[in-house]
Amino acid sequence: MKLPVNAFKAGLAARRQQIGIWNTVPGPVVTEALACTGYDWVVVDTEHSVTDVPDTLAMMQALAAHGVQAVVRPATNDTVLIKRFLDLGAQTLMIPYVQTADEAAAAVRAMHYPPRGVRGVSGMTRANRYGAVPGYFEGAGAELCLIVQIETLAAVDAIADIAAVDGVDALFIGPADLGMSMGRTGGMADAEVRQVVERAIKAIVATGKPAGILVTDVATAQACIGWGTTFTAVAVDLSLLVAAARQVRAQF
C-alpha cells in the first residue's frame, strides 16, 4: 500500500488557487456534507470549537471518502497534540499563533521523526495504514504539510524569518486576531487592518512561500486573491447555518 499523496501540498507548490471552508461543528455529518459542496480543502478546527482530537478521526475519514483535503488545526503549537493528529492520519496541519522563527522551528520538529524532529514513533496508526505502508517512517515527511498562522503585528514583522524556516510550507493570515493585536475589532472592514493584511500577504509572496487567509466577504476575499493568496478560505460552517436560519426567520 502506498503513502497517500497530499494533493493540497501539491497545489500549494503549483500555486494553484485552492478555495477552502472552515468546519467547526464536530462529528462527520456536517463534514461529509461540506465535502460534497465543491471546496478544495476543509479546515477541521479544534482551536475555536468543541471538536477534540478523537472527533477528528471520523471527520477526516468523511473528507477522504470524497477526495477532499483535510487541513487540521490543533488548539496550540504543542508537540503532543501534533503527534496525535499526525498518527490519526492528518497530513496537513495549520498551527495557530506562530510569532517567531523559533516557534515555527518547534512546529517543524514536532512534525518529523528523528533525527530531523521529535515525533514519537508508533507502528500501528491510521497514518501508516496500520502498518501497511512500507517505508512510512522514511517517507512520511515528503507528504506532510505545515502551515503557520500569522496573527499579530509582531508576526507580520517576522514573516521573512518565519518563512525561511526549513519545513514551513505556507503562511496563513488570521485577520481577526491580527486586527485585535492592533487594537482594532472590525477585522478586514477596518481600513488600517486591511492595509496590514495586504502588506502581510505581499510579504509572504515575496519570500516564495504560499499565502493563505480566511475571509468571508466575497469582495474582500477576491482582493486577497489579487494580492497573492493561493489558498483562500471563504466561509465558516456555523456562520452559514446561523445566517441562513436568520434569513428564513426574518421572512416570518
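The structure places CD of Q195 at 11.0 Å from CE of M188, a figure rounded to the nearest 0.5 Å. The structure places OG1 of T152 at 8.5 Å from CG of D157, a figure rounded to the nearest 0.5 Å. Here the straight-line distance linking atom CG of D45 with atom CG of L238 works out to 11.0 Å at 0.5 Å rounding. For the atom pair CD1 of I150 and CG of D177, the computed distance is 12.0 Å after rounding to the nearest 0.5 Å.
For the pair Q69 (side chain) and Q91 (backbone), a donor-acceptor distance under 3.5 Å is absent. Under a 3.5 Å cut-off, the side chain of Q18 and the backbone N or O of F8 do form a donor-acceptor pair. Without hydrogens or angle criteria, T31 side chain to G27 main chain gives a donor-acceptor distance under 3.5 Å. Side-chain atoms of N77 come within 3.5 Å of backbone atoms of E103 as a donor-acceptor pair (strictly under, hydrogens ignored). Formation of a donor-acceptor pair under 3.5 Å by the D52 side chain with backbone atoms of D55 is not found in this model.
A heavy-atom distance below 4.5 Å is not found between the side chains of I159 and I162. Between M59 and V44 the shortest side-chain heavy-atom distance falls below 4.5 Å. Looking only at side-chain heavy atoms (C-beta outward), C145 and L12 come within less than 4.5 Å of each other. For the pair P96/R73, a side-chain contact is recorded, criterion being any heavy-atom separation below 4.5 Å from C-beta on. Between R15 and P210 there is a side-chain heavy-atom pair separated by less than 4.5 Å. For the pair Y39/V234, a side-chain contact is recorded, criterion being any heavy-atom separation below 4.5 Å from C-beta on. Under the 4.5 Å side-chain criterion, counting only non-hydrogen atoms from C-beta, Q99 is not in contact with E151. Contact check for L88 versus V53: side-chain heavy atoms found under the 4.5 Å cut-off.
Judged purely by distance below 3.5 Å, without hydrogens or angles, the side chains of T229 and T232 pair a donor atom with an acceptor atom. Between the side chains of T230 and Q17, not a single donor N or O lies within less than 3.5 Å of an accepting N or O. Looking at N6 and T92, their side chains do bring a donor and an acceptor atom within 3.5 Å of each other.
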Does D78 form a salt bridge (Lys or Arg N to Asp or Glu O under 4.0 Å) with R84? I'd like the steps, not just the answer. CA-CA 10 Å; D78 179 83; R84 295 188 71 190; over 6 Å; no
Could you walk me through whether R194 and E198 pass the salt bridge (Lys or Arg N to Asp or Glu O under 4.0 Å) check? CA-CA 6 Å; R194 187 182 178 96; E198 179 181 0; over 6 Å; no
Test C224 against I201 for side chain to side chain contact (heavy atoms under 4.5 Å, CB included), laying out the working first. CA-CA 8 Å; C224 290; I201 292 171; 4.0 Å; yes
For I173 and Q149, run side chain to side chain contact (heavy atoms under 4.5 Å, CB included): C-alpha distance rounded to whole Å, both residues' side-chain angles, the deciding distance at 0.1 Å, then the answer. CA-CA 6 Å; I173 297 165; Q149 285 195 248; over 6 Å; no
Applying side chain to side chain contact (heavy atoms under 4.5 Å, CB included), run through I213 and V197 and close with a yes or a no. CA-CA 9 Å; I213 198 166; V197 169; 3.5 Å; yes
In sequence, state the C-alpha distance, the side-chain angles, and the governing distance for R184 and V193, and then conclude on side chain to side chain contact (heavy atoms under 4.5 Å, CB included). CA-CA 7 Å; R184 306 277 182 159; V193 175; 3.6 Å; yes
Stepwise salt bridge (Lys or Arg N to Asp or Glu O under 4.0 Å) check, R119 with D87: CA-CA 10 Å; R119 179 182 174 187; D87 283 352; 3.0 Å; yes
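Tracing side-chain contacts under 4.5 Å through hydrophobic residues (I, L, V, M, F, W, Y), one reaches V215 starting from V156; they form part of the same cluster. Under the 4.5 Å side-chain heavy-atom criterion for Ile, Leu, Val, Met, Phe, Trp and Tyr, I147 and M111 are members of distinct hydrophobic clusters. In terms of hydrophobic clustering, with Ile, Leu, Val, Met, Phe, Trp and Tyr side chains grouped at heavy-atom distances under 4.5 Å, Y97 and I95 are assigned to different clusters. Cluster membership for L146 and F137, using ILVMFWY side-chain heavy atoms within less than 4.5 angstrom, is not shared. By the criterion of side-chain heavy atoms lying less than 4.5 angstrom apart, applied directly or through intervening Ile, Leu, Val, Met, Phe, Trp or Tyr residues, V72 is grouped together with I21 in one hydrophobic cluster.
For D237, the side chain to side chain contact (heavy atoms under 4.5 Å, CB included) test picks out N23, T24, V25, V30, L34, with sequence neighbours left out. Partners of A176 under the side chain to side chain contact (heavy atoms under 4.5 Å, CB included) rule, at least two apart in sequence or in another chain, do not exist in this structure.
Between Y136 and Y113, the ring-plane angle classifies as perpendicular under the 30° and 60° cut-offs.
Screening Q222, K202, R199 for a side chain to side chain contact (heavy atoms under 4.5 Å, CB included) involving W227 leaves a single residue, K202.
A pairwise comparison of heavy atoms in S49 and T46 identifies OG-CA, 3.8 Å as the closest pair. Considering all non-hydrogen atoms of both residues, G89 and M60 come closest at C-SD, 4.2 Å. Counting all heavy atoms, side chain and backbone alike, A75 lies closest to L81 at N-CD1, 4.2 Å. Of all heavy-atom pairs between L3 and G139, the closest is CD2-O, 3.5 Å. Across all non-hydrogen atoms, the minimal contact from W41 to V43 is CZ3-CG2, 3.3 Å. The minimum heavy-atom distance linking A7 with R16 is given by the pair O-NH2, 3.9 Å.
More than 12 heavy atoms of other shown residues, nucleotides or ligands fall within 6.0 angstrom of atom CE in M182.
No salt bridge links K9 with E143; every basic N to acidic carboxylate O contact stays at or beyond 4.0 Å.
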